[in-house]
Amino acid sequence: MVANRGEIAIRVFRACTELGIRTVAVYSEQDTGQMHRQKADEAYLIGRGLSPVAAYLHIPDIIKVAKENSVDAIHPGYGFLSERADFAQACADAGVRFIGPSPEVVRKMGDKVEARALAIKAGVPVVPGTDAPISSLQEAEDFAKTYDFPIIFKAAYGGGGRGMRVVRDYEELEENYQRAYSEALAAFGNGALFVEKFIEKPRHIEVQILGDKYGNVIHLYERDCSIQRRHQKVVEIAPAAQLDPHLRDRLTSDSVNLAKQVGYENAGTVEFLVDKHGKHYFIEVNSRLQVEHTVTEEITDVDLVHAQLRVCEGRSLPELGLEQDKIQINGCAIQCRVTTEDPSRGFQPDTGRIEVFRSGEGMGIRLDSASAFQGAIISPHYDSLLVKVIASGKDLPTAATKMHRALTEFRVRGVKVGSVKAYLMCSMQPCGTIFGRLKVAVSMLIVFKTRAW
């Protein structure tokens, strides 16, 4: 069973089908016609009478469906319950395997403050920050006096850019504290915050790890997720361009050491900031599959979902042929997230029916989606991600050229009047940037309009 919806549910179902495993979908009342329901062998309604998001967060209903239908294992996908230790524990209590780390590891990694303490214990560098969630505005003021501005508030029990607020002076402190608290409370059910020194213009580098039940942990190299909007990733690249080999070794070594210290099992990501001096700082562990796992798969030829399923079955990494000296980087991959957002309304999510859909395809292009087809209804209730476009090539310029070509082939039309074609053009000319002479067309959004494209 996949306790999720949309693109990630379909991604897992496809992997299960390839391995001869029957699949079970769950869906909310609002998702009756969604594609992930059609892709599974069986599908069951959850959260009757609940709001669209609350349905996928209703652990009793999900466990009930699993037990009534003899489900052996549950994959949480990403978002929703994927980093909830109580969900992992509920699966264990019901005799259903959770495809991810143990409940205790999920709890430790989900608590940003405890994860930070574990990183320090493992000898991994961290950004200066509070040792525990703060309980008052005064604590934030005291931290700012010690470390000076800018500082950043972060949700202690969640990620994805929610509950994050950068503060550059005292005048902004109280307002951003309240906003960060409210965002964290709404997104994760807990408004607890911690404070860190804000690193200006860092690179955001993350390392993919994979562990088994027998203490084996490997890394599958890194991804560069520095291109973000509102603290949320929009473009991911693997491997990171022009990354110093010694820094790569330190990042991957620190990631594996931290994972081994906590007894990490299954797939996960260790995230770092790298400052302008090349110093790296641990920020968090995502104890789940990431949206951008695709680029790692493309450069290593390792199917991460297959690996998750086999590890959950009890197979060891060596048994699966996944040993560190066998994991090699082959070429480069870029992922762009095409989303239904309207720039004329401050990038607010756009909704409606897709009247025309034509995607960019061809050699070196992979598309992961769920609602990207003519006639699909784009709901206002969920994330605005429409399709993930992944371009692969022998090197970064080749992958970028393929991405540019694929994105310009897209045609999407919807129900509203107007015409918007929106790109973020990242013109990387020779100016000391990490990409050198590179022009990447990044489709951050596609807006559904009658005369669009």
Side-chain angles (χ1 to χ4, degrees), residues 3-4 7-8 11-12 75-85 87-88 98-119 122 124 126-127 154-164 184 187-188 190 194 196 203-211 217-226 228 231-234 236 238 240 251-252 254-274 280-297 304-305 307-308 311 335 337 383 385 388:
N4 215 299
E7 169 268 324
I8 186 57
R11 169 72 185 91
V12 177
H75 194 298
Y78 51 71
F80 292 129
L81 296 169
S82 62
E83 294 182 273
R84 288 269 298 270
F87 180 54
F98 177 78
I99 302 175
S102 68
E104 180 62 13
V105 171
V106 174
R107 184 193 66 77
K108 288 178 179 178
M109 296 298 97
D111 182 336
K112 299 297 189 293
V113 176
E114 185 165 356
R116 173 190 170 84
L118 289 167
V124 181
V126 299
V127 179
K154 290 185 177 182
Y157 299 102
R162 296 173 177 85
M164 270 191 188
F188 311 115
N190 189 324
F194 69 100
E196 285 183 347
R203 293 180 73 176
H204 186 133
I205 308 291
E206 61 187 30
V207 175
Q208 178 69 56
I209 56 170
L210 191 61
V217 179
I218 62 170
H219 69 80
L220 292 94
Y221 294 96
E222 80 288 342
R223 301 183 285 256
D224 191 322
C225 306
S226 302
Q228 302 185 11
H231 303 296
Q232 293 189 319
K233 305 162 188 171
V234 291
E236 297 94 0
L251 290 167
T252 54
D254 282 349
S255 299
V256 170
N257 289 341
L258 177 57
K260 286 183 175 180
Q261 178 169 301
V262 300
Y264 198 93
E265 176 189 331
N266 220 277
T269 303
V270 185
E271 305 205 7
F272 299 90
L273 296 180
V274 178
H280 69 289
Y281 303 93
F282 167 84
I283 48 176
E284 64 181 356
V285 173
N286 291 124
S287 55
R288 56 173 169 80
L289 196 66
Q290 293 274 74
V291 180
E292 60 273 17
H293 74 277
T294 55
V295 291
T296 296
E297 292 181 325
L304 288 170
V305 181
Q308 285 191 293
V311 165
Q335 175 176 282
R337 305 187 190 194
D383 186 86
L385 178 65
K388 301 189 312 194

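Please read all numbers here as calculations on a predicted model, not as lab measurements.
- Two residues are said to be in side-chain contact when any heavy atoms from C-beta on lie closer than 4.5 Å; Glu292 and Lys388 fail this criterion.
- The minimum heavy-atom distance between Gly263 and Val105, with the atom names listed, is O-CG2, 4.0 Å.
- Counting heavy atoms from C-beta outward, Phe98 and Pro103 have side chains that stay 4.5 Å or more apart.
- Ion pairing of Glu104 with Arg107 is present here, as a side-chain N (NZ or NE/NH1/NH2) and a carboxylate O approach within less than 4.0 Å.
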Stepwise side chain to side chain contact (heavy atoms under 4.5 Å, CB included) check, Leu258 with Leu118: CA-CA 7 Å; Leu258 177 57; Leu118 289 167; 4.3 Å; yes
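- A donor-acceptor pair shorter than 3.5 Å can be found between the side chains of Glu236 and Gln335.
- The pair Glu196-Lys112 does not meet the salt-bridge criterion, since no charged nitrogen lies less than 4.0 angstrom from a carboxylate oxygen.
- By the side-chain hydrogen bond (donor to acceptor under 3.5 Å, both in side chains) test, Asn4 pairs with no residue at all, sequence neighbours left out.
- How far OG of Ser102 is from CG of Asn266: 11.0 Å, rounded to the nearest 0.5 Å.
- Atom-to-atom distance recorded for Asp254:CG and Tyr281:OH is 13.0 Å, nearest 0.5 angstrom.
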Stepwise side chain to side chain contact (heavy atoms under 4.5 Å, CB included) test for Gln290 and Lys233: CA-CA 11 Å; Gln290 293 274 74; Lys233 305 162 188 171; 3.3 Å; yes
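- Atoms CZ and SG, from Phe272 and Cys225 in turn, are 12.5 Å apart once rounded to the nearest 0.5 Å.
- A salt bridge links Glu297 to Arg11: at least one charged side-chain nitrogen sits closer than 4.0 Å to a carboxylate oxygen.
- No side-chain heavy atom of Phe87 sits under 4.5 Å from any side-chain heavy atom of Val106.
- Contact record, Val311 with Gly211: CG1-O, 3.4 Å, taken as the closest heavy-atom pair.
- At distances below 3.5 Å, not a single donor-acceptor pair connects side-chain atoms of Lys108 with backbone N or O atoms of Val262.
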Please step through side chain to side chain contact (heavy atoms under 4.5 Å, CB included) for the pair Thr269 and Val207, ending with a clear verdict. CA-CA 6 Å; Thr269 303; Val207 175; over 6 Å; no
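- Using a 4.0 Å cut-off between charged nitrogen and carboxylate oxygen, Arg116 and Glu284 do not count as a salt-bridge pair.
- Of all heavy-atom pairs spanning Tyr264 and Ser287, the tightest one is OH-CA, 3.0 Å.
- The side chain to side chain contact (heavy atoms under 4.5 Å, CB included) test with Ile8 singles out one residue from Leu385, Val305, Leu289, and that residue is Leu289.
- When only modelled atom types and interatomic distance are considered, His204 and Gln228 share a side-chain donor-acceptor pair under 3.5 Å.
- Side-chain atoms of Glu271 do not come within 3.5 Å of backbone N or O of Asn286 as any donor-acceptor pair.
- In this structure, the separation between CZ on Arg288 and CG on Leu81 is 12.5 Å, given to the nearest 0.5 Å.
- When the ring pair (Phe, Tyr, Trp, His ring centres under 6.0 Å) test is applied to Tyr78, no partner is found at least two apart in sequence or on another chain.
- Two residues are said to be in side-chain contact when any heavy atoms from C-beta on lie closer than 4.5 Å; Leu220 and Ile209 fail this criterion.
- The two residues Gln208 and Gly268 come nearest to each other via the heavy atoms NE2-O, 3.0 Å.
- Taking each heavy atom of Phe282 and Ala115 in turn, the nearest pair found is CE2-O, 3.7 Å.
- A salt bridge between Arg223 and Glu206 is present, with a side-chain N of the basic residue lying under 4.0 Å from a carboxylate O of the acidic one.
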Working note: Leu210 + Val217, criterion side chain to side chain contact (heavy atoms under 4.5 Å, CB included); need CA distance, chi angles, decisive distance, verdict. CA-CA 6 Å; Leu210 191 61; Val217 179; over 6 Å; no
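- Of the N and O atoms on the side chains of His75 and Gln308, at least one donor lies less than 3.5 Å from an acceptor on the other residue.
- Considering every non-hydrogen atom in both Glu222 and Ala238, the closest pair reads O-CB, 3.6 Å.
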